[in-house]
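The model shown is predicted, which means the values in this text are computed figures rather than measured ones. In the text below, chain A, chain B and the rest are named by the order of the sequence lines, each starting its count at 1.
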There are 2 protein chains.
Amino acid sequence: MVSPAGFIGQYRHALDEKGRVSVPARFREAMESEEGEGGLGLYVTVGLDRCLFAYTPVRWRAVTQSVRTTARHPFASRDARRFQRQFFASAAFCEPDAQGRILIPESLRAAAGLRRDVVFIGVEDRIEVWDAEAWIREETQGREDYERAAERALDLGGDLDAATRRHGDSATKEEIR
Amino acid sequence: MVSPAGFIGQYRHALDEKGRVSVPARFREAMESEEGEGGLGLYVTVGLDRCLFAYTPVRWRAVTQSVRTTARHPFASRDARRFQRQFFASAAFCEPDAQGRILIPESLRAAAGLRRDVVFIGVEDRIEVWDAEAWIREETQGREDYERAAERALDLGGDLDAATRRHGDSATKEEIR
DNA sequence: CCTCTATTCCCCACTTTTTCCCACTTCGCG
DNA sequence: CGCGAAGTGGGAAAAAGTGGGGAATAGAGG
């Protein structure tokens, strides 16, 4: 069953020659639950650290909201325009076909260096799409730095529960096949 | 399907000898949905950074409003008037033919340095038209700053838990001027 | 005022790309 | 061992993109 709260786990799939890839079934369900709330599909854009970020329509609205306020006026500073361009131009709305696959545009595949094998990663409110090899490197690297990064990124002083709970229920079940 | 929120993505097309280009199908649909609300077509004018700005009739009304008020600014009145003149004088309403192509007037093509290959870019509430090579340069330039800015913008938009939000600030602060 | 020319507009035709659908394989589960 | 769900591949239909002919229109020049 899907975790109601957010996306967790990692799933390995293959891109075919047309650039299509199956959305992991677990993620698909969460995506469908938002039907009527903004269409069926995922907004995919260039993420950080050479991967793609994918959001459900509802989450996407929240993300664009903050980008919009970065430069609310179309004739704002040059930097603001550049950022807006980069952000919106690299995004795409990907709708699944009857088999639950989405087509990832060439420009996005190139941006994340996706080849044949890709990995979908649930990261709470977004899904990340990695080239399989790149993900292995990132994962390895991440494991080493895990504790150190956690200490910097999370506030270990106060809200221990929230951070711990989340990792507790995900870990064992969702391994890559 | 159309992205419900605004224009996103990038599409490369070719100008023919008559100065026509296909409007990307994704954008065309959004344009059509406004029929009856102000006609079928795009308002195209000189944009910033050597590209063209294109708006649907509905958006155009909003933009003219904001340009008008900008011009009232007491300190920038001279520049504002100049900008206003340029903006409106070079604007053209381009209606698509049966194939979904619009004819971009020679003066606008020259203003944006459009040659054969052009790129349409969705930037939320406007469409930008770039010469293909110029866009590649712009994109390359923008990418450097992109990750830095994205770290901040994406954090603000997501539905992050309290711990992350509290420390998202300190994590990225050092990298922002 | 008429004619000639250049431009615009409206189709038709062709090619490429995208979308849709069907079918096969694999895997998990009872 | 069978069944259904998930993942993958590929062919066919539909849509999108592109090129170009020729009628209609407008403008310049005689």
Requested in this report: Spell out yes or no: do the side chain of B:R26 and the base of D:dG17 have one donor N/O and one acceptor N/O closer than 3.5 Å?
Outcome: no

Query raised in the report: For the base of D:dG19, is there a side-chain donor-acceptor partner from B:R101 under 3.5 Å away?
Result: yes

Query raised in the report: Which residues, if any, of residues 12-20 of chain B bring a heavy atom under 4.0 Å of DNA chain C?
Result: B:K18, B:R20

Interatomic distance where [atom1] belongs to [X] and [atom2] belongs to [N] [whole Å]:
{"X": "A:I104", "N": "C:dT17", "atom1": "CD1", "atom2": "C1'", "value": "18 Å"}
{"X": "A:L103", "N": "D:dG9", "atom1": "CG", "atom2": "P", "value": "15 Å"}
{"X": "B:E29", "N": "D:dG17", "atom1": "CD", "atom2": "C1'", "value": "15 Å"}
{"X": "B:Q99", "N": "D:dG20", "atom1": "CD", "atom2": "P", "value": "14 Å"}
{"X": "A:F93", "N": "C:dT18", "atom1": "CZ", "atom2": "P", "value": "18 Å"}
{"X": "B:I102", "N": "C:dT8", "atom1": "CD1", "atom2": "P", "value": "14 Å"}
{"X": "A:D97", "N": "D:dG7", "atom1": "CG", "atom2": "P", "value": "12 Å"}
{"X": "B:E106", "N": "C:dA6", "atom1": "CD", "atom2": "C1'", "value": "15 Å"}

Query raised in the report: Base, sugar-phosphate, or nothing: which does A:V23 touch, judged by heavy atoms less than 4.0 Å apart?
Result: sugar-phosphate

Report task. Indicate the ring-plane relationship of A:Y43 and A:F93, choosing parallel, tilted or perpendicular according to the 30° and 60° boundaries. Result -> tilted

Query raised in the report: Going by the angle between their ring planes, with limits at 30° and 60°, are A:W60 and A:Y55 parallel, tilted or perpendicular?
Result: tilted

**Report entry** Axial bend angle, the helix from C:dC1-D:dG30 to C:dG30-D:dC1: five-pair end segments, nearest 10°
**Finding:** 20°

Report summary line: For A:F88, the ring pair (Phe, Tyr, Trp, His ring centres under 6.0 Å) test, sequence neighbours excluded, returns none

Query - Side chain A:R28, main chain A:V23, donor-acceptor under 3.5 Å - result: yes

Query raised in the report: Partners of B:D117 by side-chain hydrogen bond (donor to acceptor under 3.5 Å, both in side chains), sequence neighbours excluded?
Result: none

Report summary line: Taken in chain and number order and not counting sequence neighbours, the residues that satisfy side-chain hydrogen bond (donor to acceptor under 3.5 Å, both in side chains) with B:E139 are B:Q10

**Report entry** Side-chain ion pair, B:D49 and A:R81, N-O less than 4.0 Å
**Finding:** yes

Query raised in the report: With side chains defined as the heavy atoms from C-beta onward, is the minimum distance between A:F87 and A:T64 less than 4.5 Å?
Result: yes

Requested in this report: Looking only at side-chain atoms of B:R116, point me to the closest of D:dG19, D:dG9, D:dA16.
Outcome: D:dG19

Cut-off 3.5 Å, no hydrogens considered: what does the side-chain donor-acceptor table look like for residues 99-112 of chain B, sequence neighbours left out?
residue, atom, partner, partner atom, Å
B:R101, NE, B:D97, OD2, 3.2
B:R109, NE, B:I104, O, 2.9
B:R109, NH2, B:I104, O, 3.3

